[in-house]
S.K.: 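After the structure tokens below, expect a handful of questions from me.
First the proteins, then the strands, lettered A, B, ... as listed; each starts at 1.
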Amino acid sequence: MDKPVRVRFAPSPTGRPHVGNIRTAMFDWLLARHTGGTFILRIEDTDVERRVEGAVEYMMDALNWLGLDWDEGPGKGGDYGPYYQSQRLELYQDAAAKLVAQGDAYYCYCSPERLDAMRKEQEARKQSPGYDRLCRNLSPQERAAKEAAGIKPVVRFKVPLEGQTKFHDIIYGDITCENSNIDDFVMLKSDGYPTYHLANVVDDYAMKISHVIRDEGWISSAPRHLMMYKALNYEPPQYVHHPVIVGSDRAKLSKRHGATSLLDFRNMGYLPEAMFNFLALMGWSLDDKTEIMTRQQVVENFSLERMGKTGAFFNIEKLDWMNGVYIRGLTVEDLTNRVLPFLEKDLPPEVKRPLDINYIRQIMPLIRERIKTLKDAATYADFFFVDKLEYEASMLIGKKMTTETALAALKGAEEKLSSLESFDHDLLEDSLRHLADDLGIKTGQLFNVLRVACTARDATPPLFETMVVLGKERCLKRIKIAISKLGNNSNL
RNA sequence: GGCGCAUUCGUCUAGCGGCCUAGGACGCGUCCCUCUCAAGGACGAGAUCACGGGUUCGAAUCCCGUAUGCGCUACCA
């Protein structure tokens with residue numbers, strides 16, 4: 001095992017937790033658990049404009065659902081708090097002031113309007129956009145004048161005009177960047193809040209983060225962070241950038257690609273263990289064949305070295321398959337408990353609530369190997385609950401059957417079943433097979449008529465098991481209704 | 001535009017110089033099982049390893065170009 005790491009997941013509370021972000025959190029968590037390290041949750045709420053009420057709760061909800069427990073952070077405490085950046089403002093301001101004092105940063109008084117005009121002009125001239133460093137060398141008098149005018153400045157980092165910044169990324173390898181390509185970026189906004197660049201450097205250092213795990217999009221800003229570490233005389237962390245999840249158009253997955261919040265997947269009936277397994281396999285692999293792994297197996301085998309470097313397309317068909325595998329592995333009791341809330345929610349309103357859990361327990365073995373998501377349960381099993389079945393009489397007449405033979409089959413079944421002492425699987429099978437013989441039709445033909453009569457479906461769980469759960473009374477009632485449907489239809 | 005990163009079946013991936021006439025999985029097709037649907041089993045189609053040059057006895061694997069894609073280039077993260 002490698003040395004225990006200290007890693008952090010640092011989301012900004014701007015909405016519902018994106019599946020890509022949670023995947024990052026999962027890699028953090030995996031590395032922490034694999035090495036016996038510490039997983040920290042830190043809230044990067046430094047953008048007052050974009051802050052969304054309740055977003056932190058959503059985030060924690062999603063993390064908890066996936067089983068990604070954090071050791072330090074909101075609700076947990078820890079020795080390096082507070083874990084909300086909005087409560088650490090002084091730290092950033094001190095760092096910014098220190099950099100200004102030592103000549104590595106400066107106050108900039110340029111208005112947003114000027115910056116905007118500058119960018120437009122650069123674009124028109126096909127120059128690469130970037131701050132023109134107007135305020136980099138303001139004289140004390142000029143600065144005093146701006147201050148006197150009441151302009152609230154931002155603090156910009158004084159990026160070296162030449163040289164290169166190099167760093168080693170554990171996944172992507174060595175990366176080099178010319179300093180001349182980087183402009184004097186803003187570290188501290190005029191409202192006193194830090195930008196991501198400053199805040200993440202200050203906090204990662206203060207919180208003794210050993211490995212920074214974040215998505216690939218950050219590679220190009222890593223050099224800025226390194227410059228600040230150097231200026232602040234901090235030891236930088238290890239960088240681990242990982243590829244993003246992309247949508248069908250290969251662009252980074254976003255809202256317009258459909259469901260993107262982890263919470264959506266929970267609502268769609270995916271199991272957290274399936275989601276965990278699936279997400280782990282997007283970007284990481286154990287070997288050339290292992291796919292289904294318990295959380296524990298993933299933790300034991302996880303390693304950064306086995307992570308890929310190309311963006312992965314979110315293949316929901318494969319998730320469906322995997323979810324099915326996990327559902328099939330559930331005990332009846334477990335499945336029952338997980339399906340219950342979905343049934344309560346998705347069954348037609350006329351079905352009486354609360355649902356009978358013992359009845360549901362009986363249904364589970366019948367649908368367990370047929371559903372792909374928990375949400376499928378309601379559509380798969382609604383005929384167990386509703387009183388009035390809706391279907392076309394023509395459905396009762398199967399292949400090589402006529403109204404007459406179907407009618408005869410139903411009447412024969414009605415007679416046979418009503419005389420049955422007990423309503424168990426073997427007895428049902430035995431008497432119905434004999435009935436088919438007596439009627440001179442194939443067993444399948446008989447069974448299919450009964451299937452439609454009892455369930456209004458032509459695809460259901462095995463007939464006898466289904467009928468047993470439905471019960472004698474209900475089956476006979478439904479068969480009678482089917483007989484009258486056919487009777488009316490034949491118009492005799 | 002500049003810079004950065006990436007590029008193996010439709011998709012997720014294995015592969016870190018010879019084991020590759022490229023393996024697994026999802027999906028797809030055929031068959032078996034079977035009361036339907038699933039599940040399960042068997043088989044199959046599917047990748048000239050983006051392209052072009054090198055290096056090497058030998059390259060999907062190393063190097064250099066090109067193309068394409070994505071990202072960054074905000075007082076957003």
S.K.: When rounded to the nearest Å, what value does the distance between P atoms of B/A6 and B/C20 take?
M.R.: 28 Å
S.K.: Select one nucleotide: of B/A77, B/C75, B/U11, the one nearest the side-chain heavy atoms of A/Val186.
M.R.: B/C75
S.K.: Mind checking the CE-OG1 spacing from A/Met59 to A/Thr14? Nearest 0.5 Å is all I need.
M.R.: 9.5 Å
S.K.: What's the CG-P distance between A/Asp191 and B/C76, to the nearest Å?
M.R.: 7 Å
S.K.: Starting from P on B/C26, measure out to CZ on A/Phe314 and report it in whole angstrom.
M.R.: 17 Å
S.K.: To the nearest 0.5 Å, how far apart are CG in A/Leu286 and CD in A/Glu300?
M.R.: 10.0 Å
S.K.: Checking only heavy atoms, does the side chain of A/Ser190 share a donor-acceptor pair with the base of B/C75 at less than 3.5 Å?
M.R.: yes
S.K.: On a plain distance test, is the side chain of A/Lys318 in donor-acceptor contact with the base of B/A25 below 3.5 Å?
M.R.: yes
S.K.: Do the rings of A/Phe185 and A/Phe157 sit parallel, tilted or perpendicular, given the 30° and 60° boundaries?
M.R.: parallel
S.K.: Take A/Met187 and A/Arg156, measure what side chain to side chain contact (heavy atoms under 4.5 Å, CB included) needs, and give me the verdict at the end.
M.R.: CA-CA 6 Å; A/Met187 301 189 317; A/Arg156 288 183 185 272; over 6 Å; no
S.K.: Going by purine N1 to pyrimidine N3 plus the second Watson-Crick contact, or the G-U wobble pair, all under 3.5 Å, which nucleotide sits opposite B/U34?
M.R.: none
S.K.: The side chain of A/Thr310 lies closest to which of these nucleotides: B/U7, B/G2, B/U11?
M.R.: B/U7
S.K.: Taking the same atom, P, in B/G18 and in B/C62, what whole-Å distance lies between them?
M.R.: 12 Å
S.K.: Please pick, from B/A39, B/U36, B/G71, the nucleotide with the shortest atom-to-atom distance to any side-chain atom of A/Lys372.
M.R.: B/A39
S.K.: Look at all strands and tell whether A/Arg433 reaches a base, only sugar-phosphate, or nothing, counting heavy atoms closer than 4.0 Å.
M.R.: sugar-phosphate
S.K.: Contact class for A/Thr290 (heavy atom, under 4.0 Å): base, sugar-phosphate, or nothing?
M.R.: nothing
S.K.: Over all strands shown, is A/Gly324 touching base, sugar-phosphate only, or nothing at heavy-atom distances under 4.0 angstrom?
M.R.: nothing
S.K.: The side chain of A/Trp321 lies closest to which of these nucleotides: B/C76, B/C35, B/G27?
M.R.: B/G27
S.K.: Ignoring the backbone of A/Pro129, work out which of B/G1, B/G4, B/A14 is nearest its side chain.
M.R.: B/G1
S.K.: Give A/Thr176 one of three labels, base, sugar-phosphate or nothing, depending on what nucleic acid heavy atoms sit under 4.0 Å from its own.
M.R.: sugar-phosphate
S.K.: Describe the nucleic acid contact of A/Pro194 in one word from base, sugar-phosphate, nothing, applying a heavy-atom distance below 4.0 Å.
M.R.: sugar-phosphate
S.K.: Without decimals, in angstroms, what is the distance between A/Lys189 NZ and B/C76 C1'?
M.R.: 7 Å
S.K.: Base, sugar-phosphate alone, or nothing: which one does A/Arg51 contact when heavy atoms must sit under 4.0 Å apart?
M.R.: nothing
S.K.: Within a reach of under 6.0 Å around NZ of A/Lys411, are more than 12 heavy atoms found that belong to other residues, nucleotides or ligands?
M.R.: no
S.K.: From the options B/U13, B/C75, B/C37, select the nucleotide whose nearest atom is closest to the side chain of A/Arg370.
M.R.: B/C37
S.K.: When you compare B/A59 with B/C49, how far apart are their C1' atoms, in angstrom units rounded to a whole number?
M.R.: 11 Å
S.K.: Applying a 4.0 Å non-hydrogen cut-off, can you work out what A/Arg119 is touching in the nucleic acid: base, sugar-phosphate, or nothing?
M.R.: sugar-phosphate
S.K.: Quick one: label A/Leu281 by what it contacts on the DNA or RNA (base, sugar-phosphate, nothing), any heavy atom closer than 4.0 Å.
M.R.: sugar-phosphate
S.K.: Look at all strands and tell whether A/Pro461 reaches a base, only sugar-phosphate, or nothing, counting heavy atoms closer than 4.0 Å.
M.R.: base
S.K.: Let me know the distance between CD1 of A/Ile182 and C1' of B/G71, rounded to the nearest Å.
M.R.: 15 Å
S.K.: Suppose we define a pair by two distances each less than 3.5 Å, Watson-Crick or G-U wobble; what does B/U21 pair with here?
M.R.: none
S.K.: Nearest to the side chain of A/Arg306, which nucleotide is it out of B/A14, B/C5, B/G24?
M.R.: B/A14
S.K.: Say we look at B/U11 and B/G54: how far apart would their P atoms be, to the nearest angstrom?
M.R.: 30 Å
S.K.: So, does A/Thr460 get its side chain near the phosphate of B/C37, meaning an N or O under 4.0 Å from OP1 or OP2?
M.R.: no
S.K.: What's the closest nucleotide to the side chain of A/Phe447 if the choices are B/C3, B/C37, B/C35?
M.R.: B/C35
S.K.: Choose from B/C5, B/A38, B/A77 the nucleotide whose nearest atom is closest to any side-chain atom of A/Glu369.
M.R.: B/A38
S.K.: Should the pair A/Asp430-A/Lys416 be classified as a salt bridge under the 4.0 Å nitrogen-to-oxygen rule?
M.R.: no
S.K.: Tell me the interatomic distance from A/Tyr193, atom OH, to B/C75, atom C1', rounded to whole angstroms.
M.R.: 14 Å
S.K.: Can you tell which of B/C26, B/U13, B/A77 lies closest to the side chain of A/Ser12?
M.R.: B/A77
S.K.: Assess whether atom OH of A/Tyr58 is packed by more than 12 heavy atoms of other residues, nucleotides or ligands within 6.0 Å.
M.R.: no
S.K.: Starting from C1' on B/C75, measure out to CE on A/Met187 and report it in whole angstrom.
M.R.: 12 Å
S.K.: Can you tell me how far C1' in B/C64 sits from the matching atom in B/G10, rounded to whole Å?
M.R.: 32 Å
S.K.: Output, in order, the C-alpha distance, side-chain angles, deciding distance and verdict of side chain to side chain contact (heavy atoms under 4.5 Å, CB included) for A/Arg133 and A/Leu161.
M.R.: CA-CA 11 Å; A/Arg133 299 183 161 126; A/Leu161 272 7; 3.5 Å; yes
S.K.: Which atom names give the shortest non-hydrogen contact between A/Asp287 and A/Arg306, and what distance separates them?
M.R.: CA-NH2, 3.7 Å
S.K.: If you measure from the P atom in B/C43 to the same atom in B/C9, how many Å do you get, rounded?
M.R.: 24 Å
S.K.: Which nucleotide, if any, forms a Watson-Crick or G-U wobble pair with B/A14, using both distances under 3.5 Å?
M.R.: none
S.K.: Mind checking if A/Asp458 touches a base, just sugar-phosphate, or nothing, with heavy atoms under 4.0 Å?
M.R.: base
S.K.: Which whole number of Å gives the distance between the C1' atom of B/C63 and that of B/U73?
M.R.: 30 Å
S.K.: At under 4.0 Å between heavy atoms, what does A/Glu317 touch on the DNA or RNA strands: base, sugar-phosphate, or nothing?
M.R.: sugar-phosphate
S.K.: Round to the nearest Å and state the distance from A/Tyr172 atom OH to B/C5 atom P.
M.R.: 11 Å
S.K.: Tell me if the aromatic rings of A/Tyr205 and A/Tyr229 count as close, with their centers under 6.0 Å from one another.
M.R.: no
S.K.: Name the residue closer to the 5' end of RNA chain B, choosing between A/Gln85 and A/Gly217 according to the nucleotide with the nearest heavy atom.
M.R.: A/Gly217
S.K.: Measure the distance from CE on A/Met322 to C1' on B/A39 and round it to the nearest whole Å.
M.R.: 17 Å
S.K.: Heavy atom of residues 150-168 of chain A under 4.0 Å from RNA chain B: which residues?
M.R.: A/Val154, A/Arg156
S.K.: Would you compute the distance between atom CZ of A/Arg8 and atom CD1 of A/Ile43 and round it to the nearest 0.5 angstrom?
M.R.: 12.0 Å
S.K.: Provide the distance between the two P atoms, one in B/A74 and one in B/G29, to the nearest whole Å.
M.R.: 50 Å
S.K.: Can you spot which of A/Tyr326, A/Trp321, A/Phe314 makes a ring pair (Phe, Tyr, Trp, His ring centres under 6.0 Å) with A/Phe278?
M.R.: A/Phe314
